[in-house]
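Some notes on the structure that comes next.
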Amino acid sequence: QVQLVESGGGLVQAGGSLRLSCAASGLTFSNYAMGWFRQAPGKEREFVAAISRSGGSTYYADSVKGRFTVSRDNAENTVYLQMASLKPEDTAIYYCAADRTTGYYTVTPRAYKHWGQGTQVTVSS
């Protein structure tokens, strides 16, 4: 019953910004830590950012720290990833994920039970 629907991906020039959204349904949203992951062609899925259930704590991969901001609006059942100063290396399919039991600081995809369909982000040089 859990569904995560992502939006906001697209093509952007290097140095630009993009905001991804992930709308959740079929769950009590505030019970779930939310994470963002990305996967480039031929690469393993990697952790990007995560946010705790209340939104009070966040965690970022070193590669995006200072450029990306994860936030959530529990009233809207939505998690966001604001991406700034985008680089071609950020090009990937971006996935949101939810889990009721893992901590927000957990970086392995295996820790997340529910996943969105992914949205393509392409950063041109």
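If you're wondering where the values come from, they're calculated on a predicted model, not measured in any experiment.
- Using a 4.5 Å heavy-atom cutoff, the side chains of Q82 and S71 are not in contact.
- Through side-chain heavy atoms spaced under 4.5 Å, either directly or across other Ile, Leu, Val, Met, Phe, Trp or Tyr residues, V70 is tied to V2, L4, V12, L18, L20, L27, F29, Y32, M34, W36, V48, I51, Y60, V64, F68, V79, L81, M83, L86, Y94, V121, V123.
- Side-chain atoms of R45 do not come within 3.5 Å of backbone N or O of A40 as any donor-acceptor pair.
- Heavy-atom minimum distance, T106 versus A111: CG2-CB, 3.3 Å.
- Side chain of S52 to main chain of G56: a donor-acceptor pair is present (N/O by atom type, distance under 3.5 Å, no hydrogens or angles).
- The salt bridge (charged side-chain N to carboxylate O under 4.0 Å, His left out) contacts involving residues 16-42 comprise R38-E46, R38-D90, where partners must be two or more places apart or lie in separate chains.
- A donor-acceptor pair is defined here as one N or O able to donate and one able to accept, closer than 3.5 Å; such a pair exists between the side chain of T119 and the backbone of G9.
- Here C96 contributes atom SG and E6 contributes atom CD; the two are 3.5 Å apart, rounded to the nearest 0.5 Å.
- With sequence neighbours excluded, no residue satisfies side-chain hydrogen bond (donor to acceptor under 3.5 Å, both in side chains) with Q3.
- Without hydrogens or angle criteria, T91 side chain to P88 main chain gives a donor-acceptor distance under 3.5 Å.
- Atoms OG and CZ, from S30 and R100 in turn, are 12.0 Å apart once rounded to the nearest 0.5 Å.
- Residue F47 is found in a hydrophobic cluster whose other members, listed by chain and number, are F37, Y59, I93, Y95, Y104, Y105, V107, Y112, W115; membership requires side-chain heavy atoms under 4.5 Å apart, directly or through intermediates.
- Looking at S124 and Q13, their side chains come closer than 4.5 Å, going by heavy atoms from C-beta outward.
- N74 pairs by the side-chain hydrogen bond (donor to acceptor under 3.5 Å, both in side chains) definition with R72, not counting sequence neighbours.
- Shown here are the side-chain hydrogen bond (donor to acceptor under 3.5 Å, both in side chains) partners of Q120, two or more places apart in sequence or in another chain: T122.
- Taking a 6.0 Å sphere around NZ of K65, one finds it holds more than 12 heavy atoms contributed by other residues, nucleotides or ligands.
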